2 protein chains.
Amino acid sequence: MPSRARVTLTRESVLDAAAELVRRHGPAALTMRRLAAELGTAVTSIYWHVGGREALLDALVERTMTGLGEIRPSGRTPEHRVVSIASSLRRQLRGHPHLVALVHERGLTERMFLPAQQALVREAHAAGLRGARAAEFVRAVQFQVVGHVLVERNRERAPAQNPGEAELWRAGTAGDDPALARALARPVDTERLFETTVRALVRCLLTARGTGPAGHGTVRGR
Amino acid sequence: MPSRARVTLTRESVLDAAAELVRRHGPAALTMRRLAAELGTAVTSIYWHVGGREALLDALVERTMTGLGEIRPSGRTPEHRVVSIASSLRRQLRGHPHLVALVHERGLTERMFLPAQQALVREAHAAGLRGARAAEFVRAVQFQVVGHVLVERNRERAPAQNPGEAELWRAGTAGDDPALARALARPVDTERLFETTVRALVRCLLTARGTGPAGHGTVRGR
DNA sequence: ACCTGAACACCGTTCAAGT
DNA sequence: ACCTGAACACCGTTCAAGT
């Protein structure tokens, strides 16, 4: 009260500072001591407001995730609308690159997809899928989108692979298909790849007619 | 020389001990000090043989990866063979659960797929795909398999989601489809999901006829 | 060529003590 | 109710010194 050189410390202000630290320098830069320095307080004050580092990260992930915004499907057919849901989620996650790492580290990748699930269920229903079939469709899209984002983010921060695709496909390993070798030596256009694969997956799963999902494994599913 | 209470320290023996530590207690347990204790040497000796922690992890990932074993496609059609390649890679990676985390942390997920690329290229050719189309196919499968493994491994070590799918789909949020709600509240059968999605993706990409991969721009794909 | 301990600059967390 | 510094038990890495 007397000095007021700083904003009064609250749970919110701690989370703000933490989020800013992560945004600017990545998750590794978020140490309790550095955060305290940024806030101009003693390290131990943070423990009073948000608990330890684990709790802090939990709260941070939670807050960022709820702020991600609505999923608004667009397009006329279910196929287009599902692709738009997937693209929209991907775009949102790419807008918070460090969040993806944070969420992954904390074993919460599944949570990243929860807000999109309802939207997907609606599209599955619109496409005539119900029950377990619809559930499988939702899960398939979920795994593919989240998985793609994880791989994409990962490769973005790994500039020099060793040995990378470029070297692997320089020699005559391509079975007399130089165009293929050239294509594989080039960096991936991940956005295009994302749309292509999601579209292919959706098309196949939504139009799969007949006796349910393709049989699998040793006996015969369902 | 005089005491010889321990095996002579070599680069190999250091890597052995490190791999064992990771296998038994996870990557977080691999600290230089603990490793030294395990080996019965001074911490600094490790630096002479393998360099710092980064170099150690690099070497560890490298060694484990080369020991993963061959990819042996089985099945009569390209579709079956591609699915078998994907399943085989997934199985190998699941046999080294900590490796996946290690590789991901180090931004090397792409490397996990390199040994499988050649096999996939052969199948793409056998299916009549060439050049950029074949490359896109390989990449699509790559992203999907690696992405799936990442998501799968991630959800395995996140026992209690909060709020999880179970809670989300308990209420009447399923649009009068109780079977769907029940299915989404249940844990995922990831193996089945993996096979279904890979099969769907492969089928769609291998049989896509016409003018090349689906258009992707802002306007309207194909 | 190989190994050592001491030292440095960091961590997260606890706890008794202040106001 | 809120904040503090001291202390504890850890980290990875460097470096001069040993043999």
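On a predicted model such as this, the values are computed, not experimentally measured, just so you know.
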### Message
Using ring pair (Phe, Tyr, Trp, His ring centres under 6.0 Å), reason through A:His25 and A:His98 one step at a time and then give a plain yes or no.
### Response
CA-CA 9 Å; A:His25 307 287; A:His98 296 311; 9.4 Å; no
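- When the side-chain nitrogen and oxygen atoms of A:His49 are compared with OP1 and OP2 of D:dA1, none of them lie within a distance under 4.0 Å.
- Regarding B:Arg34, its CZ atom lies at a distance of 14 Å from the C1' atom of D:dC11, rounded to whole Å.
- Regarding B:Ile46, its CD1 atom lies at a distance of 9 Å from the P atom of D:dG12, rounded to whole Å.
- Rounded to a whole Å, the CG atom of B:Leu35 is 11 Å from the P atom of D:dC11.
- Under the rule for a side chain to side chain donor-acceptor pair (under 3.5 Å), A:Ser88 has no partner lying at least two apart in sequence or in another chain.
- With B:Val22 as the partner, the side chain to side chain contact (heavy atoms under 4.5 Å, CB included) test is satisfied by one option alone out of B:Leu60, B:Leu57, B:Leu35, B:Thr64: B:Leu60.
- For the segment residues 16-26 of chain B, no residue has any heavy atom less than 4.0 angstrom from an atom of DNA chain C.
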### Message
For nucleotides 13-19 of chain D, give me one character per nucleotide, 5' to 3': B if any protein heavy atom sits under 4.0 Å from the base, S if the only such contacts are to the sugar-phosphate, - if neither.
### Response
BBB----
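- Secondary-structure stems of DNA chain D, taken as three or more successive Watson-Crick or G-U wobble pairs (i with j, i+1 with j-1) under a 3.5 Å distance threshold, comprise C:4-8 with D:12-16, C:12-16 with D:4-8.
- One interatomic measurement links the two molecules: CG of A:Leu39 to C1' of D:dC2, which rounds to 15 Å at whole-angstrom precision.
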### Task
Test A:Arg153 against A:Glu156 for salt bridge (charged side-chain N to carboxylate O under 4.0 Å, His left out), laying out the working first.
CA-CA 5 Å; A:Arg153 212 205 82 86; A:Glu156 264 163 20; over 6 Å; no
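- Legend: residues meeting side chain to side chain donor-acceptor pair (under 3.5 Å) with B:Arg53, ordered by chain and number and at least two apart, are absent.
- Atom CH2 in A:Trp48 sits roughly 18 Å away from atom P in D:dG5 (whole-Å rounding).
- At least one side-chain nitrogen or oxygen of A:Thr31 sits closer than 4.0 Å to the OP1 or OP2 atom of C:dC11.
- In this entry the distance linking CZ of A:Arg11 with C1' of D:dC3 reads 18 Å, nearest Å.
- For A:Ala42, whose side chain is taken as the heavy atoms from C-beta onward, the closest listed nucleotide among C:dC3, D:dC3, D:dT4 is D:dT4.
- Under 4.0 Å is where a charged nitrogen must lie from a carboxylate oxygen, and between B:Glu110 and B:Arg139 no such pair does.
- Heavy atoms from other residues, nucleotides or ligands lying under 6.0 Å from NE2 of B:His80 number 12 at most.
- Applying the salt bridge (charged side-chain N to carboxylate O under 4.0 Å, His left out) test to residues at least two apart or on different chains, the pairs with a partner in residues 97-108 of chain A are A:Glu54-A:Arg106, A:Asp58-A:Arg106.
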### Message
Apply side chain to side chain contact (heavy atoms under 4.5 Å, CB included) to residues A:Met65 and A:His96 and explain how you reach the verdict.
### Response
CA-CA 10 Å; A:Met65 201 102 70; A:His96 301 257; over 6 Å; no
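- The pair A:Asp16-A:Arg63 counts as a salt bridge, with a side-chain nitrogen and a carboxylate oxygen less than 4.0 angstrom apart.
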### Task
Show your reasoning for whether salt bridge (charged side-chain N to carboxylate O under 4.0 Å, His left out) applies to A:Arg91 and A:Glu191.
CA-CA 10 Å; A:Arg91 217 175 306 116; A:Glu191 172 149 11; 5.9 Å; no
